[in-house]
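All figures in this text were calculated on a predicted structure; none of them were measured in a lab. Residue numbers start from 1 in every chain, and the chains themselves are labelled A, B, ... in the order their sequence lines are given, proteins ahead of strands.
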Protein chains: 2
Amino acid sequence: MIKNDQPKDKIIDVARKLFASRGFEATTTRMINKAAGISEGALYYHFPHGKQEILDTIVQQGIESRVSLLAVSLTNSTTVTDIETQMMTLFDQLWQAFQSETSYQSFIITIRERMLLSDEQSHWLIDAIQQIQARLSQAFQNVEKLALNDSQAADNLAMIVMSIFQKVLYDELLIKNQRRLSADVRERVRQQIHFLLAPIQTTTN
Amino acid sequence: MIKNDQPKDKIIDVARKLFASRGFEATTTRMINKAAGISEGALYYHFPHGKQEILDTIVQQGIESRVSLLAVSLTNSTTVTDIETQMMTLFDQLWQAFQSETSYQSFIITIRERMLLSDEQSHWLIDAIQQIQARLSQAFQNVEKLALNDSQAADNLAMIVMSIFQKVLYDELLIKNQRRLSADVRERVRQQIHFLLAPIQTTTN
DNA sequence: GTCTATAATAGGATAGAC
DNA sequence: GTCTATCCTATTATAGAC
């Protein structure tokens with residue numbers, strides 16, 4: 001994360017912080033100006049359309065950054081030694097995409113100000129989750145160790161895994177306002193994954 | 001739902017609608033006055049502390065109403081004929097708690113304006129879900145048909161079931177702004193529940 | 001208990017100098 | 001490209017008549 005000292009980036013940076021902590025409507029242009037160390041007029045030079053344009057820029061940047069972070073790699077191999085471990089790696093990668101202050105803030109803003117955004121902008125998380133889910137389902141089908149009857153079963157398994165992950169994301173980030181992943185929460189996820197996968201693994205481990 | 005015509009209730013009613021659709025900060029007292037058909041001064045007679053007091057009242061009422069709606073009944077019997085059916089009934093009950101316009105609106109407000117609320121107020125959903133989860137775990141242990149090794153397993157199963165439900169609630173209500181439960185979404189939940197329970201049911205059906 | 005009128009302030013946005 | 005000064009409107013909240 002290169003801190004660009006250009007005023008435009010500075011404005012985005014302080015505005016993101018303010019929008020995340022106080023909300024878009026409660027943040028005034030004067031607050032942004034003061035925090036960015038610029039004057040009343042300068043803001044409208046960089047963002048002629050004012051506050052809304054700053055919001056759009058923040059949301060758009062955030063989505064782009066997370067989309068690339070969420071392009072997770074799943075080893076499609078049939079010789080996976082530990083599927084559970086791989087699932088936890090996937091979970092950690094997912095969590096990682098919301099770890100940096102910037103990611104976290106723009107995530108909060110994107111969810112909370114959804115009525116000010118386009119459907120496209122507010123649906124990004126569901127879309128991203130669905131894409132990972134599809135690739136997860138594919139990966140499950142290629143794992144011979146799993147006793148899955150058909151592609152429908154793989155779909156269901158992938159959906160359940162993503163539900164477990166997503167519940168944690170929503171609860172911790174959105175409701176509890178908790179950016180750090182506690183060992184406790186992670187352990188509970190691990191146990192659920194273990195419980196879920198154990199009965200459908202073939203006995204020849 | 002008795003529509004009370006008292007001005008105080010009318011104010012709460014229109015404010016809830018406005019807060020849900022436009023957000024708290026973007027809603028002015030003038031909008032509320034106009035929509036409620038009262039004058040500038042009347043609002044401050046009923047709510048001396050202004051907008052924030054209205055918000056608190058709405059959130060508090062919403063939590064109380066949902067807490068009672070979420071006091072779901074689980075038949076603790078060991079002779080359950082169809083556990084899957086019972087899970088779907090639970091899901092429908094859960095969904096029902098957010099179905100009425102009033103419930104839906106105050107839910108949206110409670111999540112979105114969480115920075116203006118106390119931790120207690122914003123944690124209610126997680127707490128409610130956890131309570132249902134605990135009773136669900138207990139119920140699972142009492143069902144002989146399920147091949148659950150220990151209480152830990154029942155906990156995990158209950159957590160996974162609630163994750164499946166909660167993901168749907170968040171996605172549909174919060175992100176998609178979709179209050180009606182589509183048959184498609186419900187069917188996907190049913191399949192996941194089936195997939196989850198099938199392998200751990202004893203063969204002697 | 002509800003009204004009208006208005007005070008006091010803060011909001012977004014712009015003009016024009018430098 | 002950045003500043004100061006300011007316009008215009010909207011905001012919350014109150015005073016005082018009825």
Nearest whole angstrom, please: distance from the P of D/dT14 to the NE2 of B/His46.
-> 16 Å
For B/Glu40 and D/dG16, what is the distance between atoms CD and P respectively, to the nearest whole Å?
-> 18 Å
Whole-Å gap separating P (C/dA10) and NZ (A/Lys51) = 16 Å
Counting only side-chain N and O atoms of B/Ser39, is one of them less than 4.0 Å from OP1 or OP2 of C/dT2?
-> no
Looking for any heavy atom pair under 4.0 Å, which part of the strands does A/Ile38 touch: base, sugar-phosphate only, or nothing?
-> sugar-phosphate
Between C1' of D/dT12 and CZ of B/Phe47, the distance in whole Å | 16 Å
Would you say A/Ser103's side chain and A/Gln99's backbone share a donor-acceptor pair under 3.5 angstrom?
-> no
Would you say the side chains of A/Gln133 and A/Asp155 form a donor-acceptor pair under 3.5 Å?
-> no
Using only side-chain N and O atoms of A/Tyr45, determine if any of them is under 4.0 Å from OP1 or OP2 of D/dG1.
-> yes
Does the B/Gln191 side chain pair with the main chain of B/Arg188, one donor and one acceptor, at a distance under 3.5 Å?
-> no
Round to the nearest Å and state the distance from A/Leu43 atom CG to C/dG11 atom C1'.
-> 13 Å
Is there a side-chain polar atom (N or O) of A/His49 under 4.0 Å from OP1 or OP2 of C/dG12?
-> no
The side chain of B/Pro7 lies closest to which of these nucleotides: C/dT2, D/dC3, C/dA13?
-> C/dT2
When the distance from CD of B/Glu53 to P of D/dA13 is rounded to whole Å, what number comes out?
-> 11 Å
Interatomic distance, A/Asn33 CG vs D/dT4 P [rounded to whole Å] | 11 Å
Between B/Glu113 and B/Phe24, is there a donor-acceptor pair closer than 3.5 Å when you use the side chain of the first and the backbone of the second?
-> yes
How many Å lie between NZ on B/Lys10 and C1' on C/dT2, as a whole number?
-> 17 Å
Any side-chain donor paired with an acceptor under 3.5 Å for B/Asp171 and B/Gln178?
-> no
Select base, sugar-phosphate, or nothing to describe what A/Gly50 touches, counting heavy atoms under 4.0 Å on all strands.
-> sugar-phosphate
Hey, which sits more toward the 5' end of DNA chain C by its nearest nucleotide, A/Ala26 or A/Pro48?
-> A/Ala26
Give a yes/no answer on whether the side chain of A/Tyr44 brings an N or O atom under 4.0 Å of OP1 or OP2 in C/dT14.
-> no
